[in-house]
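Heads up, the thing below is written out as structure tokens.
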Amino acid sequence: MAHNQLHQPHQLYIAGRWCDARSGRMETVFNPATEAALAEVAVGAAQDVDDAVAAAAAAQAAWGKSTGVERAACLRAIASGVLEQQEQLARLQTANNGKPLSESLIDIGDVVATFNYYAELAEQLDTHQDQPVILPSDDFTATLRREPCGVAALIVPWNFPMVTTAWKVAPALAAGCTVVLKPSEITPLPELALAAIIDQAGLPAGVFNLITGSGAEVGAALVSHPAVRKVSFTGSTAVGQTVMRAAADDLKRVSLELGGKSAALMFADADIEQALDIVCGGIFFNAGQMCSATSRLLIERSIAEDFTARLKQRVESIKVGDPMDPATQMGPLSSRQQYRKVQQYIQQGLNAGLNVVTGGGRQPAISRGYFVAPTIFADVPFDSPLWCEEIFGPVLCINTFDSEQEAIAIANRSEYGLVATVLTSDRERASRVSAALDVGLVWVNSPQVIFPQTSWGGMKKSSIGRELGPWGLHAFQEIKHVVMAAFG
Ligand code: NAD
């Protein structure tokens, strides 16, 4: 296959081969910008999961014993395959998910960086195997080694299909795990194209497998399969809890990346222009369908009126429309279900008489597709569902504070704890507030930049464990110590 042509299979990928689902069932996936059918994709079920897990289990021993350098070569081949086809992949993801083309290209840059980063870590594993442990006794020596967990089930959502997949596949393969990937039933096309690239990357058959299908059938069968040793899941908190319960029977290792209701804290001394960009990016990027969306904006009271007015102006200039148009800044929501869910929240806000600063319904003048207008509600009560629950759409809720302590207390009053944004020109305040927030990642005067070297994940009901960085690799490894008495 020529590398500049995107291979778009719509089947399952098991033991190094494309195959139909045993049931023969197919399901339509859609373009959320036009509501048109895009493709028919195989619908896997428990028997297909058995086949994929058997293939992964058969490949595990040899892959787990391969050198880090060998595994790194495959990861680098995947990175360059993705880079070579970035334009086609971006168009495919945008067609299936609805995010603007410019955002799909950012996602692809992240995917390439992630595979290259874990290639580096895999190479280092060879030299750092059997690390000596300093003991307080000359009678013993000890070494620490990390071994692959075994077969890993990787389950991902639809909002960042290729990114969430790369954050799991790259460290799992680097660690020496074999994997079965389950994409979201809403956006399987980007992962199918990625699987076609992985197919060309030199991995032994069975190391990487992909099963499309529903969460209730494929996801549940993977999580309860006795030969799966590790489950890495990204999705909603409610499903994450179900996954954790199901994994408990075999005490499978579990990593969970779940929901959020994150806060941006805007202090009166912040740079206003910079803050407008950061606040808009934090909630309207990907039409707000981000676990890390800063969907609660806390503004210091003295500037609240002025800042809200400027924000309204800025938001009303966001170009909403065809995500394939390079000028578009916000596309549709990714599915009919998500569109309905977000509209219900907006309606709830309107029914409760909340103060609508802008938006508040469907994007005007677009007749087809799941387009919601960028929406802001001000003075949202702290007990409103719009303030407390993850809406996962372009809906920003604003409230005010009078003191730093109050801002921190309000931000922390959430069952979630994924990320936060702090906007201030006072360096000491930035450090104090960052230290006091119960979240896994704080951005100070920064857009939501993500580096593979820093961790991803949060506190409370947002996560178990961390992705990215060395922690992402450790999530797919078991620790073994060997303690030896001195030989005589
Ligand atoms: P979801 O929980 O509905 O589905 C996620 C995945 O789990 C899908 O592939 C789905 O098919 C599968 N699934 C569903 N039921 C299952 C079951 N019983 N067993 C196993 N798998 C099952 O979430 P979604 O709607 O696809 O994604 C949106 C959610 O994902 C939001 O809550 C968002 O915050 C979260 N998310 C979190 C992060 C993060 O890094 N913390 C990143 C992206 C998205």
Side-chain angles (χ1 to χ4, degrees), residues 1-19 29 38-39 41-42 44 52 55-56 59 63 66 70-97 99 101 103-122 152 154-156 158 160-175 177-184 187-212 232 234 452 472:
M1 187 192 66
H3 250 328
N4 56 0
Q5 262 186 347
L6 197 59
H7 180 40
Q8 261 186 270
H10 297 146
Q11 293 169 288
L12 312 180
Y13 183 76
I14 301 176
R17 290 180 41 245
W18 294 100
C19 57
V29 296
L38 269 179
V41 171
W63 183 245
S66 62
E70 285 163 345
R71 298 198 293 274
C74 297
L75 294 176
R76 288 193 200 286
I78 297 169
S80 47
V82 171
L83 196 57
E84 268 177 48
Q85 302 192 29
Q86 60 177 325
E87 293 295 332
Q88 301 95 311
L89 285 169
R91 295 188 78 78
L92 181 67
Q93 180 175 267
T94 288
N96 196 178
N97 162 285
K99 64 178 70 189
L101 209 46
E103 294 188 15
S104 278
L105 284 165
I106 293 174
D107 284 7
I108 286 164
D110 187 320
V111 170
V112 172
T114 302
F115 276 102
N116 281 329
Y117 171 71
Y118 282 107
E120 262 173 53
L121 292 201
L154 314 178
I155 302 175
V156 297
W158 45 262
F160 288 91
M162 279 191 287
V163 170
T164 45
T165 293
W167 289 8
K168 296 183 190 311
V169 172
L173 296 183
C177 292
T178 59
V179 307
V180 181
L181 169 69
K182 191 205 102 55
S184 164
T187 55
L189 299 187
E191 276 98 330
L192 284 164
L194 190 62
I197 290 170
I198 294 175
D199 176 56
Q200 302 288 306
L203 292 169
V207 170
F208 171 87
N209 306 274
L210 178 150
I211 307 283
T212 43
S232 181
T234 299

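We use all heavy atoms of the structure for the numbers below, so side chains are in, but hydrogens, waters and symmetry mates are not. Only a predicted model underlies this, so the values are computations on that prediction, with no experimental measurement involved. Numbers for residues simply follow the sequence, beginning at 1.
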What heavy-atom pair brings A39 and L189 nearest, and what distance separates the two atoms?
CB-CD2, 4.1 Å

Which pair of heavy atoms, one from A59 and one from V207, lies closest together, and at what distance?
CB-N, 3.9 Å

Value for CG (N97) from CZ (F160), rounded to nearest 0.5 Å, stands at 8.5 Å

When you look at V179 and K168, which way does the side-chain contact (heavy atoms from CB on, under 4.5 Å) test go after all the steps?
CA-CA 9 Å; V179 307; K168 296 183 190 311; over 6 Å; no

Nearest heavy-atom approach of P171 to A166 is CD-O, 3.6 Å

Can you find a heavy atom in the side chain of P161 that is under 4.5 Å from one in the side chain of N96?
no

Apply side-chain contact (heavy atoms from CB on, under 4.5 Å) to the pair C74 and W63, showing each step before the final yes or no.
CA-CA 12 Å; C74 297; W63 183 245; 4.2 Å; yes

Kindly compute the distance separating OG1 (T212) from NZ (K182), expressed to the nearest 0.5 Å.
8.5 Å

For the atom pair OG1 (T94) and CG (L105), what is the distance rounded to the nearest 0.5 Å?
7.5 Å

Closer than 3.5 angstrom, by distance alone: can the side chain of D110 be matched with the main-chain N or O of V163 as a donor-acceptor pair?
no

Show the nearest heavy-atom pair for residues A195 and W18, with the distance to one decimal.
CB-CH2, 3.7 Å

Output the distance between atom CD (Q200) and atom CD1 (I198), rounded to the nearest 0.5 Å.
11.5 Å

Would you find a donor on one side and an acceptor on the other, under 3.5 Å apart, between the side chain of N116 and the backbone of R76?
no

Before you tell me yes or no, could you show the steps for I108 and Q93 under side-chain contact (heavy atoms from CB on, under 4.5 Å), namely the whole-Å CA-CA distance, both residues' side-chain angles and the distance that decides it to 0.1 Å?
CA-CA 10 Å; I108 286 164; Q93 180 175 267; 5.8 Å; no

Please name the pair of heavy atoms, one in A52 and one in I14, separated by the smallest distance, quoted to 0.1 Å.
CA-CG2, 3.8 Å

W167: which residues meet the ring pair (Phe, Tyr, Trp, His ring centres under 6.0 Å) condition with it, sequence neighbours left out?
W456

L181 versus P183, closest heavy-atom pair with distance
O-CD, 3.8 Å

Between OG1 of T164 and CD1 of I155, what distance do you get to the nearest 0.5 Å?
12.0 Å

Quick check on side-chain contact (heavy atoms from CB on, under 4.5 Å): which of V82, L89, V169 does M162 satisfy it with?
L89

CG on L192 to CG on L210, rounded to 0.5 Å
5.5 Å

